[in-house]
S.K.: 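This structure is in C-alpha cells; I'll ask about it shortly.
All values derive from a computational prediction rather than experimental measurement.
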Amino acid sequence: LAQATKIWLRSRAHKSKPASTCDRITMQSPFVEPGGTNDAQLFFLTAVYAYVLYKASDLISSGSELLMLVPSVAGLVGSIVLPILGAVPDGMMVLFSGIGPNAQETVAVGVGALAGSTVMLLTFPWFICIVFGRVPLKDGKADYANKGKAPLIGSGITFGPSIKTSAKIMLGTTALYLVIQIPASLLEFRGDDIKEQASGEHTAALVGLVCCILAFCGYLVHCYFDANEDKQLAAVVEGIEKKQISIAAALQFIQKTSGSQHELLSKDHARLKKVCKPFFKRYDFDKDATLTKDELKPLLHDLGYWPDSNNMGKIMGSESRLNASMDKDGDGKINFDEFVDYLYKFMCDDNKMAHAPSFHNPKYIKYDMDDEDEEEDMPHDLAHLTPKQQMCRVIMRSLWMMGLGTVLVLMFSDPMVDCLSEWGTR
C-alpha cells in the first residue's frame with residue numbers, strides 16, 4: 001500500500017508540477033527514508049517499526065482468539081483463521097520487499113526476515129522444552145516418574161505423534177522450494193544474464209506458486225480435522241488398545257459423554273463404533289472380521305456373563321439365547337454391525353451394566369475435566385451483558401482488532417523492509 005502510494009504521488013507530480021517541486025511532493029511521506037539517517041537513527045527507526053509490527057501481530061492474534069468465544073465459528077478460528085492471519089505479517093514483508101525497481105535485491109530482505117523468524121520460532125521454543133523439560137533417561141526413554149534432578153548427560157524428553165506429523169509437514173512443504181530453485185540454479189550455472197534467467201523461470205515460478213497454494217490449502221484442511229478431533233475419545237481408544245480400559249468402562253464413557261444415555265445421536269453412534277472397533281479386533285482371533293461362538297466367550301466373560309458359572313442363567317440368561325440375540329442374520333457368526341448393535345442394547349440396560357466388571361486407568365478417562373482450561377474467558381467488561389449482546393460485542397471487537405492490526409501491517413511492512421535493506425547495504 002505504501003509503495004503504491006509512492007508510485008501514484010510520483011506520477012501525479014510528473015504530470016502537474018515542475019521538476020523542482022516533483023521531488024518535494026514525492027517525499028511527502030510519514031516515514032523517514034532510512035538512506036539519510038545515521039546508524040543510531042536507523043536503529044531507532046528499526047526498533048519503532050518492529051514494535052509497531054509486533055503490536056499489529058498481537059492485535060490480529062488477540063482479535064482472532066476472541067472469535068473462539070463464538071460457538072458457531074470456534075472450530076474454524078483455531079484451524080483456519082489463525083494460520084492465515086498468522087502468516088499476514090511475514091507475507092506482507094515478503095510481498096513489499098518484492099515490489100519496486102530493485103526487487104531482485106530487496107526481495108532477499110523479505111525472504112531473509114521470513115526465514116529468520118521461522119528458524120527462531122522453531123529452535124528457541126524447542127531449546128526451552130529440552131532444557132527445562134528434560135528428565136533422567138531409563139532404558140533409553142525419558143523416565144517422568146523419576147523426580148530427581150536431570151543430569152546434563154543421560155537426560156532427555158519424549159514427544160507426541162503431533163511433533164512427528166509437524167516435522168513431516170515442514171519437510172514436505174520445504175521441498176516445494178526446489179520447484180523454483182533447481183531451474184534457477186541450472187540457468188545461473190549456464191551463465192544466462194538476469195533477464196534471461198527471469199524469462200526461463202516464469203513457468204517454474206508459476207508451478208511453484210500453484211504447488212504452494214495447494215499445500216497451504218491441504219495444511220488448513222489438516223488443521224481443521226486436527227482441531228475438531230475428539231481428543232478425549234482418541235485417548236479412550238488408546239487406553240482400550242493398551243488394555244487399560246474394560247469394555248464396560250468404555251460403554252460407561254459413551255453413556256456419560258453422549259447427549260442422551262438411551263437414544264444416541266448419529267455422531268454418538270459413530271463414537272460408539274470407534275470404541276467398539278478395538279474390542280472387536282481383540283476378540284477376532286482368526287481375523288476373518290466375524291466372531292464365532294468360541295471367540296465370543298472372552299467377550300461374555302468381560303461383560304460379566306461368566307458362561308461357566310451356574311448362576312449365569314439367573315443373572316443374564318443362557319449363552320445360546322445370548323448368541324441368538326446377537327446373531328440377527330442367523331449365519332452362526334457375529335459381524336461388526338451386529339457386535340455394535342448388541343453392545344448398544346447392553347449399554348442401555350442398567351441391570352446388565354451394573355453386573356459388568358468395570359475398570360479403567362484414570363490416565364485415559366477423565367470425567368472431571370476443568371472447563372476453565374478448555375473454554376475461553378469472556379472479557380470482564382462484557383460479563384454483565386446478555387449472551388446475545390456479548391456475542392455481538394465480541395464479534396465487533398474482534399473485527400476491529402484484526403482490521404486495525406492488518407492496516408498497521410500493511411502500512412509499516414514497506415518501511416521496515418527499507419530499514420532492513422539499508423542495514424544489509426551498510
S.K.: Would you call the rings of Tyr54 and Tyr51 parallel, tilted or perpendicular, taking 30° and 60° as the class edges?
M.R.: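 Tilted.
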S.K.: Can you tell me how far apart CD (Glu338) and CG (Leu291) are? Round to the nearest 0.5 Å.
M.R.: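 Going from the CD atom of Glu338 to the CG atom of Leu291 covers 9.5 Å.
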S.K.: Quick check for you: to the nearest 0.5 Å, what is the distance between Met401 atom CE and Leu67 atom CG?
M.R.: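 These two atoms lie 10.5 Å from each other.
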S.K.: Distance alone, cut at 3.5 Å: any donor-acceptor contact between the side chains of Asp294 and Thr292?
M.R.: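 Side chains of Asp294 and Thr292: no pair found under 3.5 Å.
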S.K.: Please list, chain by chain and in numerical order, all residues satisfying ring-ring contact (aromatic ring centres under 6.0 Å, His included) with Phe336, sequence neighbours excluded.
M.R.: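 Per chain and number, Phe336 pairs via ring-ring contact (aromatic ring centres under 6.0 Å, His included) with Phe280.
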S.K.: Examine the side chains of Gln390 and Thr386 and answer whether a donor and an acceptor come within less than 3.5 Å of each other.
M.R.: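 Their side chains do not contain a donor-acceptor pair, so the 3.5 Å distance test is not met.
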S.K.: Does the ring centre of Phe412 sit less than 6.0 Å away from the ring centre of Phe31?
M.R.: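 Yes, ring centres under 6.0 Å apart.
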S.K.: So, taking the atom named CG in Leu45 and the one named CD in Gln41, what distance separates them when rounded to the nearest 0.5 Å?
M.R.: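 Spacing of CG (Leu45) from CD (Gln41) equals 7.5 Å.
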S.K.: Which salt bridge (charged side-chain N to carboxylate O under 4.0 Å, His left out) pairs, counting each pair once, include a residue from residues 379-408, with sequence neighbours left out?
M.R.: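 Residue pairs passing salt bridge (charged side-chain N to carboxylate O under 4.0 Å, His left out), neighbours aside: Asp381-Arg397.
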S.K.: Over 60° means perpendicular and under 30° means parallel, so classify the ring planes of Tyr283 and Phe279, tilted if in between.
M.R.: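 The arrangement is parallel - the two ring planes meet at less than 30°.
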S.K.: Any side-chain heavy atom of Phe127 sitting closer than 4.5 Å to one from Thr123?
M.R.: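 In short, these two side chains do not touch, never coming nearer than 4.5 Å.
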S.K.: Hey, does Pro379 have a side-chain heavy atom less than 4.5 Å from the side chain of Leu69?
M.R.: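 Side chain of Leu69 against side chain of Pro379, heavy atoms only: contact under 4.5 Å found.
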S.K.: Above 12 or not: heavy atoms from other molecules or residues under 6.0 Å from CZ of Phe43?
M.R.: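 No, the 6.0 Å shell around CZ holds no more than 12 heavy atoms from other groups.
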S.K.: Side-chain contact, heavy-atom cut-off 4.5 Å: Glu295 with Ile334?
M.R.: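 Not in contact.
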S.K.: Going from CG on Leu408 to CG on Asp58, what distance comes out if it is rounded to the nearest 0.5 angstrom?
M.R.: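 The CG atom of Leu408 sits 11.5 Å away from the CG atom of Asp58.
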S.K.: Do Ser413 and Leu53 come within less than 4.5 Å of each other through their side chains, counting heavy atoms only?
M.R.: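 Yes, side chains in contact.
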